[in-house]
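A quick write-up on the structure given underneath.
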Amino acid sequence: MLLSILMGKEGGACMAIRYRCRHCETEIGKLPFGSADEARTLLRLGEEEAEEFILEGDDGDATVQCICNDCEQSLDRFPDYYSLQKWLQ
């Protein structure tokens with residue numbers, strides 16, 4: 001599954017891995033890759049983790065859902081936010 005996400009629809013190489021905060025949608029960074037194998041080696045995720053945290057884009061990019069520093073600090077200050085599905089409006 002992870003390899004098919006990183007390979008994209010055309011079966012070609014993954015264009016980039018984007019890191020985006022799953023709470024505020026801020027793009028944290030982007031790494032270009034020449035092949036899906038390079039990307040998979042860097043991520044080091046199991047299949048279950050990959051299915052939970054990686055989204056396939058229409059353009060062949062893979063987006064890793066993570067958390068930015070600002071949202072992490074907010075969750076540290078307000079731990080009740082963990083119980084909410086969406087705490088940013």
Side-chain angles (χ1 to χ4, degrees):
M1 178 73 173
L2 175 59
L3 184 58
S4 65
I5 289 173
L6 295 175
M7 292 295 287
K9 292 182 178 180
E10 312 289 310
C14 176
M15 295 171 56
I17 295 178
R18 299 176 189 275
Y19 290 84
R20 184 173 305 271
C21 179
R22 61 185 169 158
H23 299 289
C24 69
E25 301 291 323
T26 299
E27 187 169 307
I28 298 167
K30 177 180 174 181
L31 300 172
F33 285 93
S35 75
D37 288 334
E38 289 176 357
R40 185 175 52 173
T41 300
L42 175 72
L43 291 175
R44 295 184 185 178
L45 296 176
E47 290 297 322
E48 285 183 25
E49 292 169 318
E51 288 180 25
E52 183 176 350
F53 295 109
I54 299 176
L55 302 174
E56 178 184 3
D58 292 336
D59 55 1
D61 288 355
T63 300
V64 178
Q65 297 179 339
C66 49
I67 186 168
C68 70
N69 289 334
D70 292 334
C71 289
E72 185 173 27
Q73 289 173 2
S74 293
L75 287 168
D76 286 343
R77 281 182 281 176
F78 305 102
D80 292 343
Y81 286 176
Y82 280 107
S83 65
L84 304 173
Q85 184 151 3
K86 184 153 177 88
W87 51 275
L88 288 176
Q89 302 300 319

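Atom set for the values below is all heavy atoms of this structure, side chains included, hydrogens, waters and symmetry mates excluded.
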field: CA sep, side-chain torsions, deciding dist, call: Thr26, Asp70, side chain to side chain contact (heavy atoms under 4.5 Å, CB included)
entry: CA-CA 10 Å; Thr26 299; Asp70 292 334; over 6 Å; no
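- Arg20 places a side-chain N or O within 3.5 Å of a backbone atom of Glu25 that can act as its donor or acceptor partner.
- With values rounded to the nearest 0.5 angstrom, Asp76 atom CG is found 6.0 Å from Tyr82 atom OH.
- Other residues, nucleotides and ligands contribute only 12 or fewer heavy atoms inside 6.0 Å of the CG atom of Asn69.
- In terms of heavy-atom proximity, Cys66 sits nearest to Ile28 at SG-CD1, 3.6 Å.
- Closest approach of Gln65 to Glu52, counting heavy atoms only: OE1-O, 3.8 Å.
- Between Cys68 and Cys21, the closest heavy-atom pair is N-SG, 3.5 Å.
- One hydrophobic cluster, built from ILVMFWY side chains closer than 4.5 Å, cannot hold both Phe53 and Tyr19; they sit in different ones.
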